[in-house]
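Each residue takes its place number in the sequence, starting with 1.
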Amino acid sequence: MWVVASILITTLLSLYSIYKRHQVESANKAVSLTAEFENIEALASAEGIPIDKAFAQLKAQGLNSVVLSESFLSELTTTGRVTMSTAGTPPVTSLTFVNPEDLIRVQRAMRIRYHDLAGRLVPRGNVLVLPPVAPDILRQTSIGLDPVQAAEAKKAGLSVIARFSNPFGVSAQTVGETLAWAKELGTTVFLPQGDQVLGRREALGAMIEALKLDNILYASPEFTKLGGDEDVLEKAPELVIRLHSAQVAELDRLSPADAVDRYAKAARERNMRILLIRPLTLGADQPFQSFTEFFKQINTQVRNEGGAIAEPHPFKDSNLPKALLVLIALSIVPAAFFVCTSFVQKKLVLQIVLGLLTLLALASVTRTGLHLIALVGSMTYPIVGFLALDDFADGSRKPTLANILLGYVIVSLISIVGGLVVAGLLNELKFFVKADEFKAVKLSVFLPILVVGAYFFWKLTDWRQSLKSPITWGAAALGLVILTTLGLMLARTGNDSGVGASGGEMLLRNLLDRYLYVRPRTKEFMFGHPILVIAIGMLLWIRARFAPVTSEEGPGPWAGWVALLVMLGAIGETSVVNTMCHLHIPVMLSIARAFEGLALGCIIGVVLWVPASRLLPKAEA
């Protein structure tokens, strides 16, 4: 009973923490739809539509910002707006301008980039002598955002998302002045361009300070590895807005409905607050109208799924008191100690373990301690759930459908506490923006499976005799299949799995996304949970029919198969915990996903168990 009481306390404390997180997430539903200026201009030009009218049409369908990329001196020389010439010994490079405004812009850009080298640049009429820098390097010098494009965006009532790359040799002063200039042109959000964040590495601090000083937010692109991005997330999570985009090549492989769904799901299921929309098709009789319709469909679906099209803002911290986290950590200790008592009998060892668990819980005031006690909790409760199942299936209950469902509910409700603990403990701003994440995902998923399998193999069989028995070809083949299955699961488990889904699985996912509130995880409702239902039925059957097995009596019939089924059934329960460990996903969505998977998996399991149970000999009292 003291274990049950501790589980209830853990659940209540974790749910309170999760409620605070839910409040933060519910207060931030604003999603910004944006597109790149050059894409809008190119598509509109194909239909002879002026940029101001193009903006007006897209704004009516949800566009509220536009992405402007930095320009380079080479763009002015290529278009004939500037003529570059080099003469003299040593060679001197000069520019002749057609437009005086271009001269002022380039003069400022040179001073920002080359400092003292360009400090005395004074134009002579429409000619500007450049710093003593190689002409090829000068051509690749950034001249900031296009002020004409920025003015068009401002006139249309759109905010500006500025993109800058990280050039060779950029200084802290250059970083600060570049962002200040962008702010003057209406920039509200900075989005890195290329492989590195502006200022990476030694000037990155200056970039963060400039963002704060100029009141500019930082857009962190999803699924992109940028040098310095993780540092910005760690040092300034209060500035971060996460952004989702898709390349044209990626969109080309999707149907129109799937492409719309991709953007909408990014906003709803992963808290993306800026959607950078690129054209679904480049070839059409009316390419801009097609792009406008794409915008309209995304806008509609985002709203239908609970989002709001508006200016985005960063997430706030849940501001949980440290004392609450310590209490959650301490409430885990009794359940974790109970697991240890099921495997260890020596009193001294148990006392040491209890002391270490208590110290670890108190260490939750540190980041390392917090992660470690969250790991302990994520593994403890699925194991406790199966220990409770072992006690439930004590031989006094027959394998009726009611008993099977009751056993399934007991295991599942206890197991899911492991996920609630992780979500309750790791509850702060850095986890919302993926500046930090639960790093021990694979360990928390697979170690409980192995522990549960070993426990029931030990309880149900004469394990010593079984280990001495020769291995048959059938057993070897089965072992290979199980290892392959677990290996595939291991590869696909984690916050950023490198193994994608097959075409058939993607089709199933799309169907589930379309007809369910949220798509449950395939390995839960189609594999782990149904097997668990059958495993519980078999466990009740074998315990009711056969006398308890001891090492002296030898293994009972089917005992090894039941232990294997229970172990495979544990896959669904640890996956439920794993679902709650993806901390950048809205917490209520994760809870809904877990319970939908449990319900569907239970239905499939019952459908399989009913005919299978009729093939078993009738249980004896």
Side-chain angles (χ1 to χ4, degrees), residues 20-21 24-25 27-28 30-32 34 65 67 70 145 159-167 170-245 270-274 276 311-320 322 366-368 370-371 426-439 495-496 583-585:
K20 300 299 289 186
R21 173 180 161 186
V24 171
E25 291 174 336
N28 190 354
V31 178
S32 173
T34 189
S65 64
V67 176
E70 63 182 334
L145 304 181
S159 57
V160 172
I161 299 176
R163 300 202 71 178
F164 292 100
S165 57
N166 190 39
V170 65
S171 67
Q173 181 181 341
T174 297
V175 169
E177 293 179 356
T178 296
L179 291 173
W181 192 8
K183 181 64 177 181
E184 292 175 17
L185 295 175
T187 295
T188 58
V189 179
F190 164 61
L191 173 63
Q193 184 165 281
D195 298 326
Q196 293 184 337
V197 175
L198 178 65
R200 167 80 168 169
R201 302 180 180 257
E202 295 181 17
L204 191 63
M207 192 275 295
I208 293 173
E209 289 304 315
L211 291 178
K212 293 178 179 179
L213 180 65
D214 296 318
N215 197 27
I216 298 175
L217 301 175
Y218 175 82
S220 176
E222 188 182 27
F223 303 138
T224 304
K225 298 295 184 182
L226 291 176
D229 180 68
E230 291 182 355
D231 297 312
V232 179
L233 299 183
E234 172 67 27
K235 296 175 181 177
E238 71 279 5
L239 299 178
V240 173
I241 297 179
R242 302 193 69 215
L243 175 145
H244 177 80
S245 66
R270 300 192 300 281
N271 277 330
M272 297 297 123
R273 288 296 164 259
I274 299 178
L276 173 52
E311 284 293 316
H313 54 88
F315 281 98
K316 296 181 179 180
D317 202 316
S318 49
N319 293 318
L320 290 175
K322 288 285 186 183
T366 67
R367 184 160 296 275
T368 300
L370 195 65
H371 276 277
L426 307 183
N427 183 2
E428 61 176 275
L429 180 58
K430 289 185 177 181
F431 294 103
F432 304 160
V433 300
K434 283 198 82 172
D436 199 356
E437 58 189 8
F438 183 55
K439 297 179 176 62
N495 290 297
D496 293 299
L583 304 167
H584 59 289
I585 295 175

N/O donor-acceptor pair under 3.5 Å between [X] side chain and [Y] backbone:
X: Ser318; Y: Asn427; answer: yes
X: Asn166; Y: Arg200; answer: yes
X: Asn28; Y: His313; answer: yes
X: Thr34; Y: Ser65; answer: yes
X: Arg163; Y: Pro192; answer: yes

Minimum heavy-atom separation for [X] to [Y], with atom names?
X: Ala236; Y: Val240; answer: O-CG2, 3.5 Å
X: Glu437; Y: His371; answer: O-CE1, 3.1 Å
X: Asp214; Y: Gly176; answer: OD2-O, 4.4 Å
X: Ala203; Y: Val170; answer: CB-O, 4.5 Å
X: Leu239; Y: Ile208; answer: CD1-O, 4.3 Å
X: Gln196; Y: Leu226; answer: N-CD2, 4.3 Å

Once rounded to the nearest 0.5 Å, what's the spacing between atom [atom1] of [X] and atom [atom2] of [Y]?
X: Leu204; Y: Glu209; atom1: CG; atom2: CD; result: 10.5 Å
X: Lys212; Y: Met207; atom1: NZ; atom2: CE; result: 10.5 Å
X: His244; Y: Leu276; atom1: NE2; atom2: CG; result: 9.5 Å
X: Thr187; Y: Phe164; atom1: OG1; atom2: CZ; result: 6.0 Å
X: Ile161; Y: Leu191; atom1: CD1; atom2: CG; result: 7.0 Å
X: Arg273; Y: Ile241; atom1: CZ; atom2: CD1; result: 9.5 Å

Problem set entry | Arg242 vs Asn271, side chain to side chain contact (heavy atoms under 4.5 Å, CB included): CA-CA, chis, key distance, verdict | CA-CA 7 Å; Arg242 302 193 69 215; Asn271 277 330; 5.9 Å; no
Problem set entry | Asp317 atom CG, neighbour heavy-atom count above 12 within 6.0 Å |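 Atom CG in Asp317 is crowded, with more than 12 foreign heavy atoms closer than 6.0 Å.
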Exercise. How about Lys316: does its NZ atom have over 12 heavy atoms from other parts shown lying under 6.0 Å from it?
Worked result: no
For this session: For the pair Leu185 and Val160, evaluate side chain to side chain contact (heavy atoms under 4.5 Å, CB included) and give the outcome as yes or no after the intermediate values.
Result: CA-CA 8 Å; Leu185 295 175; Val160 172; over 6 Å; no
For this session: Go through the steps to decide whether Glu70 and Thr178 satisfy the test side chain to side chain contact (heavy atoms under 4.5 Å, CB included), and finish with yes or no.
Result: CA-CA 10 Å; Glu70 63 182 334; Thr178 296; 5.9 Å; no
Problem set entry | Stepwise salt bridge (charged side-chain N to carboxylate O under 4.0 Å, His left out) check, Asp231 with Arg201 | CA-CA 9 Å; Asp231 297 312; Arg201 302 180 180 257; over 6 Å; no
For this session: Take the angle between the ring planes of Phe432 and Phe315 and call it parallel below 30°, perpendicular above 60°, tilted in between.
Result: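 Judged by the thresholds at 30° and 60°, the geometry between Phe432 and Phe315 is perpendicular.
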For this session: Would you mind reporting whether Pro314 and Val433 have side-chain heavy atoms less than 4.5 Å apart?
Result: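 They are not in side-chain contact.
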Problem set entry | Heavy-atom side-chain proximity of Leu198 to Pro167 below 4.5 angstrom | yes
Exercise. Is the shortest side-chain N to carboxylate O distance from Glu222 to Lys434 below 4.0 Å?
Worked result: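 Answer for the salt bridge query: no.
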